[in-house]
Amino acid sequence: MVLASAAPGIFSAGLDILEMYQSTPERCVAFWRALQDAWLNLYGSRLITMAAIEGHSPAGGCLLAMSCDYRVMAEGKFQIGLNETKLGIVAPFWFTDVMLNTIGHRETEKALQLGALYSAQQALSIGLVDKVVPLAEVMPTVEGELKNWLQIPAAARVITKTSMRKAVLDRLRSQKEKDAQFFADFINRDSVQKSLGMYIASLQKKKN
Ligand SMILES: CCCCCCCCCCC/C=C/C(=O)SCCNC(=O)CCNC(=O)[C@H](O)C(C)(C)COP(=O)(O)OP(=O)(O)OC[C@H]1O[C@@H](n2cnc3c(N)ncnc32)[C@H](O)[C@@H]1OP(=O)(O)O
């Protein structure tokens, strides 16, 4: 399975910030449950999963990419990373766990505290993506890599993938409701709503 985007220049802009701003607790819980299930399915997928990152990939977009088995990113102006702290929010533990599994403890600690967004070359240098190529070569490169992975006996690959990811998946599975409730409580704090409001205004201002 290849994750790609139809939006030029944006692999994924992350979670819909407007869903987290001035929403109701019930809607926040439903929103978070949908995200949890999507992520559990992706990270726990038995399929070979590859990200064709042909544009920006902040926050939830970075989570999607990191949750794949292999990442190819376009060189140039695009950025990738978990930038949550810049929005005044905190990456949930399962976002953090996936990043830890991808780039290790020291790089994750720096990346998360700074809310760092990396260029493709920087992302390559810390192991956040596996390959950087010109934009037009992203999809052909992914397809070529997929052929390599498809040559591995499927049962052996799936058992290996499952055992490598089980602890992280089980950690969320065991506390889904608590995590959803925590998200709804956290996101509706006055201070967090204020930060999100300012961030939304800054996105709109950038456009004008
Ligand atoms: C103790 C532990 C506690 C833990 C509890 C949990 C805490 C909560 C955790 C929540 C985790 C959050 C994950 C996320 O994914 S948050 C989203 C982060 N995303 C971003 O910061 C990206 C913001 N967008 C951009 O930077 C740019 O839009 C982008 C680089 C992606 C593209 O730039 P471009 O110039 O091409 O396009 P525009 O900026 O003009 O955007 C076009 C329109 O789209 C709107 N937009 C963009 N991104 C989003 C988004 N994520 N959600 C909603 N809307 C978005 C943008 O405002 C423009 O809209 P208009 O056309 O209406 O102006």
Side-chain angles (χ1 to χ4, degrees), residues 3-40 42-43 51-68 73-100 102 108-109 111-120 122-123 128 135 168 171-172 175-208:
L3 294 195
S5 169
I10 304 177
F11 172 71
S12 162
L15 306 190
D16 186 345
I17 300 170
L18 302 179
E19 277 293 333
M20 298 187 278
Y21 186 60
Q22 297 181 340
S23 181
T24 62
E26 295 74 22
R27 195 173 166 99
C28 285
V29 167
F31 174 69
W32 203 248
R33 282 189 191 132
L35 177 69
Q36 290 173 330
D37 288 339
W39 176 75
L40 287 168
L42 176 62
Y43 200 59
I53 310 166
E54 296 170 305
H56 292 292
S57 191
C62 179
L63 177 75
L64 281 181
M66 290 191 298
S67 300
C68 292
M73 185 164 175
E75 63 190 23
K77 61 180 181 176
F78 305 127
Q79 293 189 310
I80 183 168
L82 292 183
N83 61 329
E84 277 82 352
T85 52
K86 287 206 173 113
L87 286 69
I89 55 181
V90 180
F93 69 86
W94 40 288
F95 286 45
T96 305
D97 284 348
V98 178
M99 188 171 248
L100 280 169
T102 309
T108 298
E109 197 177 313
L112 291 183
Q113 289 196 48
L114 294 170
L117 286 170
Y118 300 98
S119 69
Q122 289 168 330
L128 186 53
L135 180 62
V168 168
R171 189 163 175 223
L172 176 60
Q175 47 186 313
K176 275 178 78 180
E177 280 314 302
K178 191 173 148 201
D179 179 60
Q181 202 54 58
F182 191 82
F183 166 75
D185 292 344
F186 178 88
I187 214 73
N188 283 305
R189 286 183 194 175
D190 288 345
S191 60
V192 174
Q193 286 294 305
K194 194 172 163 201
S195 293
L196 284 177
M198 284 161 54
Y199 188 70
I200 291 166
S202 75
L203 282 178
Q204 288 162 350
K205 198 170 157 196
K206 186 192 86 179
K207 207 176 166 189
N208 297 325

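Every number for a ligand or one of its atoms is a count from 1 in the order of the listing. Side chains included, hydrogens not; waters and symmetry mates left out as well; all remaining heavy atoms used.
Put simply, the side chain of Asp179 never gets that close to the backbone of Gln175: no donor and acceptor are under 3.5 Å apart. The backbone N or O of Tyr21 lies less than 3.5 Å from no partner atom in the side chain of Gln193, so there is not a single donor-acceptor pair.
Checking only distances, Gln204 never comes within under 3.5 Å of ligand 1, N or O to N or O. Note: no N/O pair closer than 3.5 Å links His56 and ligand 1 by distance alone. In terms of polar-atom proximity, Val90 is not counted as a contact of ligand 1, lacking any N or O under 3.5 Å from an N or O of the ligand. In terms of polar-atom proximity, defined here as any N/O pair under 3.5 Å, Pro92 makes no such contact with ligand 1. No N or O atom of Trp32 sits closer than 3.5 Å to an N or O atom of ligand 1. Between Met20 and ligand 1, no N or O atom pair is found at a separation short of 3.5 Å.
Proximity of Leu203 to ligand 1, defined as any heavy-atom pair under 4.0 Å, is confined to the side chain (atoms from C-beta onward). Heavy atoms of Ile200 found under 4.0 angstrom from ligand 1: none, in either backbone or side chain. At a 4.0 Å heavy-atom cut-off, ligand 1 touches Ile17 through backbone and side chain alike. Contact annotation: for Phe182 versus ligand 1, heavy atoms closer than 4.0 Å belong to the side chain alone.
There is a protein heavy atom less than 4.0 angstrom from atom 25 (C) of ligand 1. Distance check for atom 62 (O) of ligand 1: every protein heavy atom is found at 4.0 Å or beyond. Checking atom 29 (C) of ligand 1 against the protein gives no heavy-atom contact under 4.0 Å. Using a 4.0 Å threshold on non-hydrogen atoms, atom 46 (N) of ligand 1 does not count as touching the protein.
Taking the six-membered ring where the residue is Trp, Trp32 and Phe95 present parallel rings, their angle staying beneath 30° rather than reaching 60°.
Residues Glu54 and Ala74 come closest through the heavy atom pair CA-CB, 4.2 Å.
Across the listed options Asn83, Asp16, Ile10, Leu82, Asp16 owns the non-hydrogen atom lying nearest to atom 54 (N) of ligand 1.
Applying the side-chain hydrogen bond (donor to acceptor under 3.5 Å, both in side chains) test to every pair with at least one member in residues 5-19, sequence neighbours left out, gives these pairs: Glu19-Arg27.
Residues passing the salt bridge (charged side-chain N to carboxylate O under 4.0 Å, His left out) test with Asp185, sequence neighbours excluded: none.
Ligand 1 is approached by Pro58 to a heavy-atom distance shorter than 4.0 Å. Residue Lys86 places every heavy atom at 4.0 Å or more from ligand 1. At least one heavy atom of Tyr199 sits less than 4.0 Å from an atom of ligand 1.
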